[in-house]
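Only one structure is covered here, and it is reproduced in the block below.
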Amino acid sequence: MSTQYQDAYLYDAVRTPFGKVGGALAKTRPDDLAALVVAESVKRAPKLAAAGASGAEKIDEVVFGNANGAGEENRNVARMATLLAGLPTSIPGTTVNRLCGSSLDAAIIASRQINVGEADVMLIGGVESMSRAPWVLPKTERPFPMHNLELANTTLGWRLINKNMPQEWTVSLGEATEQLREKYGITRERMDEFAANSHQLAAKAWDEGKYDNLTVQVPDVDLTRDETIRPDSTAESLSGLRTVFRKENGMVTAGNASPMNDGASAAWLGSEKASDILGLQPLARIAGRAAAANEPQYFGYAPVDAVNQAIKRAGITWEDIAAVELNEAFAAQSLACTDAWGVDLDIVNTWGGAIAIGHPLGASGARVLGTLARRLEASGDRWGVAALCIGVGQGLAVVLENVNAR
């Protein structure tokens, strides 16, 4: 293993099709979903697969993202997935929680280990089953209380809130987005048009086979593509949906927000040496990365600074960027970011985004990163950026350089 600085490369990425809450993947445990993409990643690395257990021992570590951690993915799902996938017990695993950005953070952490020579082969990814997220009951402060206790839903958003947290920070994600679109003047018409486009682009990408080498089917489950894509969506049809978070003067609907989902994703990161270990050629170099933070209620805007920093650290400018993969938590949030960057929407999420594909929290970061790498490979363009907004006011971004750019 090298002790000098070395570049980190993305070699491959794979994910399950994303299921809707209560849908096709609802009966599949999150640790099993994670184990599936771990095992599939090994199968897709020819030299590792051929060498069997002795080859797998060359994996330095598995780093997975997960936003819940309160259910069947507890006890460090990265380690659990490694064991369930049948990999050698000598491979360490760690689980990262940066909410929606968890698996992109896993990639950032792994890339740093590669950069400083602590690793040559890292398997990163993420998983979430929002269908199976448990209800939790807080412990009592004294034994045998006479009052009732309230269950908390761990699926999404704030729960068990600290009383010292300012109330303006702990509004729902939807209400926060209403405040964000008011602040930046995002109209309902633009939101619905953006959302409809996400569905149409995702359906088109699946039809054209863009996701064939990015996905693996879940055994014994009838799910061949992302379950929440609605190809017949139009801005006109979405305009008829009722608002969800504000009944008066609201604009955020179920149609212009990402759904709740189940799924897992994974990717190989490595140094130049990893090519010989995996039997794969690198797709892209991790050229820049950044995290940013702002007021929690404006979480949707945090990717703006994160992306700008990552691009600067990569030594390029926005003029160099040919592809953007921005996780679509909400249409309003996505538009606020793209407006701030002044980027042409024609290069944003051209294979569809989370409004259509879905947003299983812990899995989304590796999804956008893997999709970005394959988009750059398909187009031959050199530079792209992947980013996500994160609850409680954070943003995360990674710049990729296509090593085979034409």
Side-chain angles (χ1 to χ4, degrees), residues 16 18-35 63-81 83-84 93-103 105-106 125-177 228 244-245 254 257-265 296-297 299 329-330 354 358-365 388-394:
T16 67
F18 290 167
K20 65 182 179 182
V21 160
L25 298 182
K27 294 183 179 180
T28 307
R29 289 174 56 113
D31 49 357
D32 285 331
L33 289 173
V63 186
F64 258 54
N66 178 254
N68 196 314
E72 295 158 336
E73 70 282 82
N74 75 86
R75 299 288 290 169
N76 185 358
V77 73
R79 176 64 171 166
M80 296 299 109
L83 297 174
L84 288 167
T94 188
T95 300
V96 180
N97 185 351
R98 204 193 284 247
L99 301 180
C100 302
S102 295
S103 54
D105 209 9
V127 65
E128 208 77 46
S129 176
M130 300 179 82
S131 292
R132 301 175 74 89
W135 295 82
V136 299
L137 189 68
K139 285 189 174 180
T140 61
E141 295 182 1
R142 60 184 178 85
F144 310 115
M146 298 303 294
H147 59 278
N148 293 328
L149 294 174
E150 183 178 351
L151 287 167
N153 186 353
T154 66
T155 304
L156 179 69
W158 290 93
R159 78 292 302 247
L160 306 176
I161 301 172
N162 190 312
K163 65 182 181 180
N164 295 319
M165 194 72 74
Q167 290 185 0
E168 65 269 22
W169 289 356
T170 64
V171 296
S172 71
L173 298 173
E175 171 57 27
T177 303
T228 48
V244 176
F245 301 96
S258 61
M260 292 188 288
N261 301 86
D262 310 326
S265 58
Q297 70 271 35
F299 73 94
F330 297 87
H359 182 21
L361 310 178
S364 290
L388 301 93
C389 67
I390 301 167
V392 203
Q394 295 191 84

Tell me the closest heavy-atom pair linking [X] and [Y], and the distance in Å.
X	Y	answer
Thr140	Pro145	CG2-CG, 3.3 Å
Phe330	Ala257	CD2-CB, 3.5 Å
Ala363	Ser265	O-OG, 2.8 Å
Ser364	Gly358	OG-O, 4.4 Å
Ser103	Gly362	OG-O, 2.9 Å
Asn66	Val127	ND2-O, 2.8 Å

To the nearest 0.5 angstrom, please state how far the [atom1] atom of [X] sits from the [atom2] atom of [Y].
X	Y	atom1	atom2	value
Met130	Asn153	CE	CG	9.0 Å
Leu84	Leu33	CG	CG	11.0 Å
Gln297	Glu175	CD	CD	10.0 Å
Thr170	Arg159	OG1	CZ	13.0 Å
Thr228	Met260	OG1	CE	11.5 Å
Arg75	Glu72	CZ	CD	15.5 Å

Do [X] and [Y] come within less than 4.5 Å of each other through their side chains, counting heavy atoms only?
X	Y	answer
Leu160	Pro138	yes
Pro360	Asp262	no
Asn68	Glu128	yes
Thr177	Phe299	yes
Met80	Glu73	no

Have a look at Cys100 and tell me which of Leu361, Leu173, Leu156, Asp105 forms a side chain to side chain contact (heavy atoms under 4.5 Å, CB included) with it.
Leu361
Would you find more than 12 non-hydrogen atoms of other residues, nucleotides or ligands less than 6.0 Å from Trp158 atom CH2?
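Counting other residues, nucleotides and ligands, CH2 of Trp158 exceeds 12 neighbours.
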Counting only N and O atoms by type, is there a donor-acceptor contact under 3.5 Å from the side chain of [X] to the main-chain atoms of [Y]?
X	Y	answer
Ser131	Gly22	yes
Thr16	Gly263	no
Thr95	Val77	yes

